[in-house]
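This report concerns only the one structure given below.
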Amino acid sequence: MAKLSIRDLDLTGKRLFVRVDFNVPLTEDGATITDDTRIRATLPTLRYALDHGASLVLASHLGRPKGKPNSKYSLRPVADRLRELLASEMGRAVTVVFATDCIGEPASTSAAALAPGQVLLLENLRFHAEEEANDAAFSQQLAALAQVYVNDAFGSAHRAHASTEGITHFLQPAAAGLLMEKELTYLGKALESPEKPFVAIIGGSKISGKIDVIDNLLDKVDTLVIVGGMAYTFQRALGVTTGKSLVEEDKIEVAREALAKAKAKGVQLVLPVDNVLADSFSPDAQTQPWDSSVNFPADWQGLDIGPHTVEKISAIVTSARTILWNGPAGVFEFPRFAVGTNAIARAIAANTAATSIIGGGDSVSAVNQAGVADKMTHISTGGGASLEFLEGKKLPGVEALTEK
Ligand code: AMP
């Protein structure tokens, strides 16, 4: 990796400002954390820093408080959970202090009082509009809290905010945390030097959100599999009608161009060969199997890939050495239309010789739902950020880190 890592630094006696992603789901009243995966994901970095004699100032956003304090989006419950998680991670009690504001007196006094091995969690960065505005004075105030900057929030790296970009103008060195480093290593290797055959499976609802990913991947992959709602826009581009299936009329031409690019590049572009059609968008709709080469009945819609497509994708996945997956193959929120998505998850899991990368968002839920998360090489923690990375874009929060 071209960027400085926390592992390159001497941390002894240093106070680190660590940008983390503690944007966890909470109950409606904001009092209880319903899923602490994101807190757990940062533990290796926090442990590494504490083991090497640092003290930590942690900062995160939580939800969308729109630039004003709002107790529903307070990080205080996260401080309590973090204290428990760190104690079990470190095998000893760890002091975790909470500051009621991320700048000003509450933050600076608590930061100055930190001893090595201690942790301070700052209140939600987005209680200040200056965070998302990437305000220089605000960035400088954050920078003043520590001596070294570490970014472990890959999921926020596609945004140039004060805590991800602005702060690095006032606080150097700026290094990647272990989680950030892992994301950049796996996603970077897939794009730059993948072991071949490299197969990407792209699904989900719409082409519009992923066309830049498709376009960039067509320069890299051996095989591109398109599933989910977006496959129907491709099917229309091939001249087959799709009934009431999800189609973006204004993207049919874009789909046609992608098909042409695949052909020109010698990339195998695979579309569903059969589907599960439903007579309504509902979990208990009537269904029937349907061949993709035959016009769909006008009142029916495709909500999942069919068994022949599953077989075809499984065979492709089995012989791959690098597999990248983003987006479900059907409306997997309805169990009856999750069959294709679950089958893809299991097929990827079964290929233990391949590097398997799950690119954030719904595919992560799908892998968890199929119970195969521990079989994947890397599961990205950043939905939007991993998509932008796969589009080939430079992420501001990564660019801002110090070169090695
Ligand atoms: P995205 O946010 O673009 O990754 O899309 C994820 C969503 O795509 C999920 O909520 C799925 O329910 C939806 N989806 C997948 N396949 C279909 C389909 N055939 N028709 C409608 N929606 C779909």
Side-chain angles (χ1 to χ4, degrees), residues 155 158 200-217 224-238 240-252 254-255 258 270-292 296-310 313 324-345 348 357-370 379-391:
H158 58 315
I201 303 167
I202 303 294
S205 55
K206 294 180 177 171
I207 291 189
S208 43
K210 291 182 188 168
I211 188 59
D212 292 336
V213 174
I214 291 172
D215 191 54
N216 192 38
L217 288 176
L224 180 63
V225 180
I226 305 274
V227 287
M230 69 172 70
Y232 299 113
T233 304
F234 278 88
Q235 187 169 322
R236 285 284 303 281
L238 293 171
V240 183
T241 67
T242 54
K244 287 212 163 74
S245 304
L246 188 65
V247 167
E248 292 167 281
E249 296 286 341
D250 60 337
K251 292 291 178 294
I252 294 176
V254 169
V270 175
L271 294 168
V273 292
D274 61 345
N275 310 273
V276 179
L277 299 194
D279 64 352
S280 66
F281 186 87
S282 125
D284 40 34
Q286 297 288 325
T287 64
Q288 61 175 325
W290 200 271
D291 196 298
S292 297
F296 286 10
D299 285 336
W300 292 65
Q301 55 190 302
L303 295 187
D304 197 4
I305 54 174
H308 299 296
T309 306
V310 165
I313 295 174
L324 174 73
W325 182 25
N326 180 294
V331 182
F332 78 115
E333 296 91 339
F334 301 159
R336 285 171 60 223
F337 303 108
V339 176
T341 300
N342 285 334
I344 291 177
I348 297 175
I357 302 165
I358 309 304
D362 281 333
S363 336
V364 178
S365 324
V367 161
N368 285 325
Q369 191 173 297
I379 299 180
S380 181
T381 53
S386 63
L387 276 184
E388 289 201 18
F389 193 94
L390 296 174
E391 286 170 6

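Order of appearance sets the numbers: ligands from 1, and atoms from 1 within every ligand.
The shortest distance between side-chain heavy atoms of H158 and F389 does not fall below 4.5 Å.
In this structure, the salt bridge (charged side-chain N to carboxylate O under 4.0 Å, His left out) partners of E391, at least two apart in sequence or on a different chain, are K393.
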Measure and list all N/O to N/O distances between ligand 1 and the protein that fall under 3.5 angstrom.
from: ligand 1; atom 1: 3 (O); to: S205; atom 2: N; distance (Å): 3.2
from: ligand 1; atom 1: 3 (O); to: S205; atom 2: OG; distance (Å): 3.1
from: ligand 1; atom 1: 4 (O); to: K210; atom 2: NZ; distance (Å): 2.8
from: ligand 1; atom 1: 5 (O); to: S205; atom 2: N; distance (Å): 2.9
from: ligand 1; atom 1: 5 (O); to: S205; atom 2: OG; distance (Å): 3.4
from: ligand 1; atom 1: 8 (O); to: S205; atom 2: N; distance (Å): 3.1
from: ligand 1; atom 1: 10 (O); to: E333; atom 2: OE2; distance (Å): 2.4
from: ligand 1; atom 1: 12 (O); to: E333; atom 2: OE1; distance (Å): 2.6
from: ligand 1; atom 1: 12 (O); to: E333; atom 2: OE2; distance (Å): 3.4
from: ligand 1; atom 1: 16 (N); to: G229; atom 2: N; distance (Å): 3.1
from: ligand 1; atom 1: 19 (N); to: G302; atom 2: O; distance (Å): 3.0

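Distance check, rounded to the nearest 0.5 Å: OG1 of T287 to CZ of R336 gives 5.0 Å.
Exactly one of V273, N275, L271, V270 qualifies for a side-chain contact (heavy atoms from CB on, under 4.5 Å) with T309. That residue is V273.
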task: Evaluate the side chain to side chain contact (heavy atoms under 4.5 Å, CB included) criterion for residues N342 and F332: first the C-alpha distance (whole Å), next the side-chain angles of each, then the deciding distance (0.1 Å), finally the verdict.
output: CA-CA 8 Å; N342 285 334; F332 78 115; over 6 Å; no
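Side-chain N/O atoms of T233 and E248 include no donor and acceptor closer than 3.5 Å.
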